[in-house]
There are 2 protein chains.
Amino acid sequence: MDLSFEDLRKELKNKNLRLSHQRLKVLEFLTNNRIHPTVDQIYRGLHKDIPTLSKTTVYNTLNALVDAGIVKPITIEDNEARYDIATQDHGHFKCEVCGNIYDFDINISAFNPSDLDDFKIKDRDVYFRGICPNCKK
Amino acid sequence: MDLSFEDLRKELKNKNLRLSHQRLKVLEFLTNNRIHPTVDQIYRGLHKDIPTLSKTTVYNTLNALVDAGIVKPITIEDNEARYDIATQDHGHFKCEVCGNIYDFDINISAFNPSDLDDFKIKDRDVYFRGICPNCKK
DNA sequence: AATTAACTTGTAATGATTACAAGATAGTAA
DNA sequence: TTACTATCTTGTAATCATTACAAGTTAATT
């Protein structure tokens with residue numbers, strides 16, 4: 001469900017969020033750098049283009065986009081949050097050697113454990129850990 | 001794979017870890033309080049019994065037990081880590097209203113996504129979020 | 001009982017994240 | 001276009017979880 005620019009505008013409008021320069025740049029960065037970046041990586045990546053950018057703005061922006069459902073936080077055992085544009089279901093694999101996070105296809109919405117029959121499930125995350133092909137060599 | 005006291009002793013011995021009073025108490029707390037407690041919850045829970053206990057010790061102990069594979073950290077979107085004794089595979093559900101974390105049965109080791117054929121998978125975690133039966137009312 | 005590596009503890013340091021207040025800007029409406 | 005106002009951005013200061021470190025203590029081995 002990749003969002004077009006117009007979808008995006010509507011989405012933000014609905015939540016009384018403005019389409020500021022900084023927000024567009026953060027979204028652009030997330031779109032072009034599918035590495036599940038940390039706040040610091042986003043900040044450093046954008047600082048070249050927007051020298052006045054503040055790290056607080058990156059935090060604010062990400063929180064706003066997460067609230068709007070446009071961005072998803074990845075919390076996979078680091079003490080530093082990572083961010084991903086919200087796309088269709090996929091799992092995340094973290095290599096314990098190089099630290100890279102890889103996406104993999106998995107049909108998460110098919111999981112409906114009977115233990116959770118009476119629960120309202122809004123979100124399903126699958127996190128794997130181990131060693132990636134590169135680091136196995 | 002619940003560990004007996006003797007298993008535990010051996011496990012620790014293997015890693016050159018001592019069976020100190022504080023460590024036993026932390027393990028006892030985790031065994032008796034299956035609420036995936038935070039460091040602070042563990043600290044406050046044990047402080048009554050061990051008034052000299054230091055929070056640093058709780059951190060050190062948990063890190064040692066995690067390294068030894070006896071305890072597993074739960075990182076489910078809070079910025080505060082939670083801990084669980086390592087038992088057989090199960091998923092975690094976090095209620096976004098009350099914040100409680102529930103266990104549920106799920107056969108995680110059955111998931112072998114083809115995308116990860118060349119990866120060495122060491123650990124699989126499943127985190128769901130939503131609203132628990134109590135808070136749905 | 002002596003020895004020593006490993007442990008505990010308190011304090012200080014670190015690092016990510018948020019609070020806050022003042023100035024800037026996007027979008028609306030005339 | 002212009003004016004208006006709520007929202008956003010920014011820098012600094014505060015907060016909170018976690019780790020570093022050093023000095024004293026203890027578990028386990030001899």
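Order of the sequence lines sets the chain letters (A, B, ...), proteins ahead of strands, with each chain counted from 1. The figures that follow rest on heavy atoms only: side chains count, while hydrogens, waters and symmetry mates do not. The model shown is predicted, which means the values in this text are computed figures rather than measured ones.
Atom pair A:K25:NZ and D:dT10:P shows a separation of 13 Å (rounding to whole Å applied). Rounded to an integer number of Å, the gap from A:L62 CG to D:dT9 P is 11 Å. B:L19 has its CG atom 16 Å from the P atom of C:dA6, to the nearest Å. To the nearest angstrom, P of C:dG15 lies 13 Å from CZ of A:R44. Between the P atom of C:dT14 and the CG atom of B:N79 lies a distance of 21 Å, rounded to the nearest Å. Rounded to a whole Å, the CG atom of B:N60 is 15 Å from the C1' atom of D:dT26. Atom-to-atom, CD1 of A:I50 to P of C:dA24 comes out at 18 Å; the value is rounded to the nearest Å. Rounded to whole Å, the distance from OH on A:Y43 to P on C:dG15 is 16 Å.
The existence of a salt bridge linking A:D103 and A:R34 is excluded, since no basic side-chain nitrogen approaches an acidic carboxylate oxygen closer than 4.0 Å.
Side chain to side chain, B:N63 and B:T61 fail the donor-acceptor criterion of an N or O pair below 3.5 Å. Looking at A:D125 and A:H92, their side chains never bring a donor and an acceptor atom within 3.5 Å of each other. Side-chain contact check for A:N60 and A:R23: no donor-acceptor pair (N or O, by modelled atom type) lies under 3.5 Å.
For the atom pair NZ of A:K120 and SG of B:C95, the computed distance is 12.0 Å after rounding to the nearest 0.5 Å.
An OP1 or OP2 oxygen of D:dT10 is reached within less than 4.0 angstrom by a side-chain nitrogen or oxygen of A:Q22. Not one side-chain nitrogen or oxygen of A:K13 sits closer than 4.0 Å to the OP1 or OP2 atom of C:dA26. Between B:S20 and C:dT8 there is a side-chain N or O to OP1 or OP2 distance below 4.0 Å. Between A:T52 and D:dT10, a side-chain N or O to OP1/OP2 separation shorter than 4.0 Å is present. Side-chain N/O atoms of A:N63 include one lying less than 4.0 angstrom from OP1 or OP2 on C:dT18. Close to C:dT18, at under 4.0 Å from its OP1 or OP2, lies no side-chain N or O of A:Y59. A close approach under 4.0 Å does not occur between any side-chain nitrogen or oxygen of A:S54 and OP1 or OP2 of D:dT9.
Between the base of C:dA6 and the side chain of B:R18 there is a donor-acceptor pair shorter than 3.5 Å.
Residue B:D40 is the one, among B:D40 and B:L17, whose nearest nucleotide of DNA chain D lies closer to the 5' end (criterion: closest heavy atom). Annotation: of the two residues near DNA chain C, B:V58 and B:N16, the 5′-most nearest-nucleotide partner is B:N16.
A side chain to side chain donor-acceptor pair (under 3.5 Å) with B:K72 is found for one member of B:D123, B:T87, B:D84 and no other, namely B:D123.
Candidate nucleotides D:dT19, D:dA17, C:dT17 were compared by shortest atom distance to the side chain of A:E80, and C:dT17 ranks first. Among the nucleotides C:dT9, D:dT9, C:dG27, the one closest to any side-chain atom of A:T57 is D:dT9.
Using a 4.0 Å heavy-atom cutoff across all strands shown, B:A81 reaches sugar-phosphate atoms only and no base atom.
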